[in-house]
Amino acid sequence: MNVRQLLDDRLGEAFEQVTKECAPALVSPASRPEYGDYQANGAMAVAKRLKTNPRKLAEDVVGASDLTGIVAETEIAGPGFINLTLSQEFLKGTLARADLVTKVPRRESIVIDYSSPNLAKTLHVGHLRSTIIGDATARTLEILGHNVWRQNHIGDWGTPFGMLVTYLDEQGQSSDDLGNLDHFYALASERFEKDPTFAKAARKFVVDLQSGKEGAITRWKQFIELSTSHMQRIYEQLNISLNPDHTRGESAYNNDLAQVVTDLDEAGLLSLSDGAKCVFLKEFTGKEGKPLPMLVQKSDGGYLYHTTDLAALRYRHKVLNADRILYFTDGRQNLHFRMLFAVAHASEFVPKSTKLEHHPFGKLLDSNGRPFRSRDGSTIPLDHLVEEAFERARAIVQSKNSNLGDREFDEVVRAIAIGAIKYADLSKNRLHDYTFDWDSMLAFEGNTAPYLQYAFARIQSLFSRGNLSSKSYRADIVPENENERNLAIQLCRFQETLELVGREGMPHHLCAYLYELTSRFMRFYETCPVLDAPEKDRKSRLALCARTAKTLETGLNCLGIAVVTRM
RNA sequence: GCGCCUGUAGCUCAACGGGAUAGAGUAUCGGCCUUCUAAGCCGAGGGUUGAAGGUUCGAGUCCUUCCAGGCGCGCCA
């Protein structure tokens, strides 16, 4: 249940009744504990507009509101804040619900375009943020009940593939070099440059491919399959929920491109400029105020990524019935997406009611503020990154103790290694550049994935010590002291946090939530005995622990991070 | 030149349609393990939110100018 929304609705009605106009209640979690659990900030804004006393207005709103069974205490503070304290019965009732997450009332069809690597190159750190953040958003929207269409818009078409396939043919189908695609690519380009016969064959292959010659298509497909399996292996290592069903690459739109250009022409948007076909929109200007074109067809007849993106957009609208389409790419593509969305709407390829959202993110930097690369200046392949995380996590888990068996040891290492990489990224506001630092993400202190995983493991340990199961444990939660209550309140805020993440495509809100939840749990756990508590307290506290474990597990699952029962 | 993004504690980061005294972690210093995992908990110090104006009862958040860094601006994606 979304408590924040519930309060906002109830107070919103009262605001409307009192002011006779639509005035938002502006409910948010209280900024300080002494202000209660939630606060409503709407009174000041409306009072200003209506030129009345905000404190008086706040009082009237509280008087007119129906908060029975929800709020135990209201207080008007400062210039007109309404501070709300939830009632014990409401907490108890909310936490007694079996469902942790309620499905949103309006189920939307949501397309999420993320990861989208180019298959001519190996997956590297440049793909990390899009893949991780997009995946967390997809999982979150899905758990909220939306119909999520993951779209992996891979680069699987174009001249590099001519070179690669020709080289693959030459080397034999089973070439293991493809595991390191960049190396393979480098070898292929070298041949391309130095061997005219090879270059000729590669060029001919591209022509054959584009004209749809069967043999060429078959070999191209074989290459794509090899490269895709490599990509898929990395997704599995990283616990990314993308699978081949989600792949719809550039090549999938080849047959639509001519039609896109024709339709743009029919919509009266197409211009010919220096032999290229393009769309000029008056809101976009470039150097010296000259109109900025969006090129959709080159003078040699070839199409561009704008064209493909328009075709994809149309597919997502027409076939997938998208209500929202989200793109997770780095900020440099900002102009491209602004133009793309403007053209899509101007041409009516996509109706204005379909929300088109670019969710950009900053660069990946090293601790010196430079782009994150390996020592020799080359980009870091993701499988190397994962391997290093495993090695580092293995060393740490080994040093920590453990009577873990081999299998459990491996499981813990994996959860920690992958969790560390993902959480470090996900916990930051994606708009900013992000400093990648092994030591801080694997320090396991403070706001890191292992801290959350550790809390989960402690709870599991508690339940196994009591011969109980955290999954099935049921009892009323009746918070008696401050630490119990603080934990209970935080548990009640899970739904509103998920909805916030879904709305904004910003998983760091969920990380902040889970971290706060965990610190509150740790404080509670430090001060309140559970198994040895008197029967009445024991039940309620066990239920608090069980609910915390379930929330942690579900929350981390939304982030694509695993929990472990021991560590 | 035009446009977009970023600037918060030594470091890494929060602050959700403007809200109350700008919060965490880390590092530093000081406490807490015969008792449910110390990968933990408690406490201390640490800030002119890049700068200056403005709007407002109220500005890290909005507006203007400036400074610094990054990125983008026609046939790659």
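So that the names make sense, note that chain A is the first sequence line, chain B the second, and so on, each numbered from 1. Being a predicted model, the structure only gives us computed values, none of them experimental.
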> Is Tyr525(A) touching bases, backbone alone, or none of the nucleic acid, heavy atoms closer than 4.0 Å?
Replying inline: base
> On a whole-Å scale, what distance lies between the C1' atoms belonging to U8(B) and C42(B)?
Replying inline: 27 Å
> Stacking check: are the rings of Tyr35(A) and A20(B) less than 5.5 Å apart at their centres and under 30 degrees in tilt?
Replying inline: yes
>> Any base atoms under 4.0 Å from Cys545(A), or only sugar-phosphate, or nothing? Heavy atoms, all strands.
In response: nothing
> Which whole number of Å gives the distance between the C1' atom of A77(B) and that of G72(B)?
Replying inline: 14 Å
> Checking Asp182(A) side chain against Thr122(A) main chain: does a donor-acceptor pair fall under 3.5 Å?
Replying inline: yes
> Do Arg541(A) and C36(B) have a side chain to base donor-acceptor pair shorter than 3.5 Å?
Replying inline: no
>> With a 4.5 Å cut-off on side-chain heavy atoms, are Thr159(A) and Gln210(A) touching?
In response: no
> What residue pairs, at least two apart or across chains, pass side chain to side chain donor-acceptor pair (under 3.5 Å) with a residue in residues 457-466 of chain A?
Replying inline: Gln460(A)-Ser470(A)
> Got a sec, which pairs hit salt bridge (charged side-chain N to carboxylate O under 4.0 Å, His left out) with one end in residues 498-522 of chain A, sequence neighbours left out?
Replying inline: Glu516(A)-Arg520(A)
>> Roughly how many Å apart are G74(B) and U55(B), using the P atom of each and rounding to a whole number?
In response: 41 Å
>> Give the dot-bracket line for RNA chain B from 5' end to 3' end: parentheses for intra-strand Watson-Crick or G-U pairs under 3.5 Å, square brackets for crossings, | for inter-strand pairing, dots for unpaired.
In response: (((((((..((((.....[...)))).(((((.......))))).....(((((..]....))))))))))))....
> Base, sugar-phosphate, or nothing: which does Thr565(A) touch, judged by heavy atoms less than 4.0 Å apart?
Replying inline: base
> If you look at every strand shown and take non-hydrogen atoms under 4.0 Å, does Arg520(A) touch a base, only sugar-phosphate, or nothing?
Replying inline: nothing
> Distance check: side-chain N/O of Arg458(A) vs OP1/OP2 of G40(B), anything under 4.0 Å?
Replying inline: no
> So what does Ser440(A) hit on the nucleic acid, given a heavy-atom distance under 4.0 Å: a base, only sugar-phosphate, or nothing?
Replying inline: nothing
> How would nucleotides 70-77 of chain B be written as a contact map, 5' to 3', with B for base contact, S for sugar-phosphate-only contact and - for no contact, using protein heavy atoms under 4.0 Å?
Replying inline: SSSBBBSB
> Considering heavy-atom distances to RNA chain B, does Leu462(A) or Arg430(A) have its closest nucleotide positioned more toward the 5' end?
Replying inline: Arg430(A)
> Do Phe81(A) and Tyr35(A) make the cut of ring centroids closer than 6.0 angstrom?
Replying inline: no
>> With a 6.0 Å cut-off (strictly less than), is the heavy-atom count around NZ of Lys550(A), excluding the residue itself, greater than 12?
In response: yes
>> Is it true that Glu484(A) and Asn486(A) share a donor-acceptor pair across their side chains at a distance under 3.5 Å?
In response: no
>> Between Phe361(A) and Phe328(A) (judged by ring centroids, cut-off 6.0 Å), do the two rings come close enough to count as a pair?
In response: no
> Can you say whether the rings of Tyr327(A) and Phe341(A) are parallel (under 30°), tilted (30 to 60°) or perpendicular (over 60°)?
Replying inline: tilted
> Whole Å only: how far is the CZ atom of Phe463(A) from the P atom of C36(B)?
Replying inline: 17 Å
> Starting at the 5' end of RNA chain B and moving along, which residue's nearest nucleotide shows up first, Val412(A) or Val27(A)?
Replying inline: Val27(A)
> Within the structure shown, what part of the strands sits under 4.0 Å from Pro24(A) by heavy-atom distance: base, sugar-phosphate, or nothing?
Replying inline: base
> Taking only residues two or more places apart in sequence, or in another chain, which ones meet Lys363(A) in a salt bridge (charged side-chain N to carboxylate O under 4.0 Å, His left out)?
Replying inline: Asp433(A)
> What does Arg566(A) touch in the nucleic acid at a heavy-atom separation under 4.0 angstrom: a base, only the sugar-phosphate, or nothing?
Replying inline: base
> Given the C1' atoms of U49(B) and C67(B), what is the spacing between them in whole Å?
Replying inline: 16 Å
>> Between U56(B) and C63(B), how many Å separate the two P atoms, rounded to a whole number?
In response: 16 Å
>> For the C1' atoms, the ones on A14(B) and on G23(B), what distance do you get once it is rounded to whole angstrom?
In response: 7 Å
> For C57(B), does the glycosidic angle fall within 90° of 0 (syn) or outside that (anti)?
Replying inline: anti
>> Taking atom CD as the centre, does Glu482(A) end up with more than 12 heavy-atom neighbours from other residues, nucleotides or ligands that are less than 6.0 angstrom away?
In response: no
>> The criterion is side-chain hydrogen bond (donor to acceptor under 3.5 Å, both in side chains); which residues satisfy it with Asp60(A), sequence neighbours excluded?
In response: Lys56(A)
>> By the definition side chain to side chain donor-acceptor pair (under 3.5 Å), identify the one residue from Arg248(A), Arg316(A), His359(A) that meets it with Asp113(A).
In response: Arg316(A)
Protein and nucleotides 56-58 of chain B: nitrogen or oxygen contacts under 3.5 angstrom:
from, atom 1, to, atom 2, distance (Å)
U56(B), O2', Lys48(A), NZ, 3.1
G58(B), O6, Lys48(A), NZ, 3.1

> So does His508(A) get a side-chain nitrogen or oxygen closer than 4.0 Å to the phosphate oxygens (OP1/OP2) of A15(B)?
Replying inline: yes
>> Whether the side chain of Asn83(A) and the base of A20(B) hold a donor-acceptor pair under 3.5 Å is what I'd like checked.
In response: yes
> So, His127(A) versus Tyr114(A), ring centres under 6.0 angstrom or not?
Replying inline: no
N/O donor-acceptor pairs under 3.5 Å from side chains in residues 274-283 of chain A, not counting sequence neighbours:
from, atom 1, to, atom 2, distance (Å)
Lys277(A), NZ, Gln297(A), OE1, 3.4

>> Can you list everything that forms a side-chain hydrogen bond (donor to acceptor under 3.5 Å, both in side chains) with Thr247(A)? Sequence neighbours excluded, please.
In response: none
>> Tell me every residue that passes side-chain contact (heavy atoms from CB on, under 4.5 Å) with Thr527(A), counting only those two or more places apart in sequence or in another chain.
In response: Asn483(A)
Give each protein N/O atom lying under 3.5 Å from an N/O atom of nucleotides 7-10 of chain B, with the pair distance.
from, atom 1, to, atom 2, distance (Å)
G7(B), OP1, His432(A), NE2, 3.1

Just the table, please: protein N/O against nucleotides 22-32 of chain B N/O, every pair under 3.5 Å.
none

> Reckon Ile154(A) touches a base, only the sugar-phosphate, or nothing at all at heavy-atom distances under 4.0 Å?
Replying inline: nothing
>> Using the C1' atom as the point on both nucleotides, what is the distance between G60(B) and G18(B), in whole Å?
In response: 11 Å
>> Taking the side chain as everything from C-beta on, heavy atoms only, tell me whether Phe372(A) gets closer than 4.5 Å to Thr379(A).
In response: no
>> In whole Å, measure the gap between the P atoms of G1(B) and A9(B) for me.
In response: 30 Å
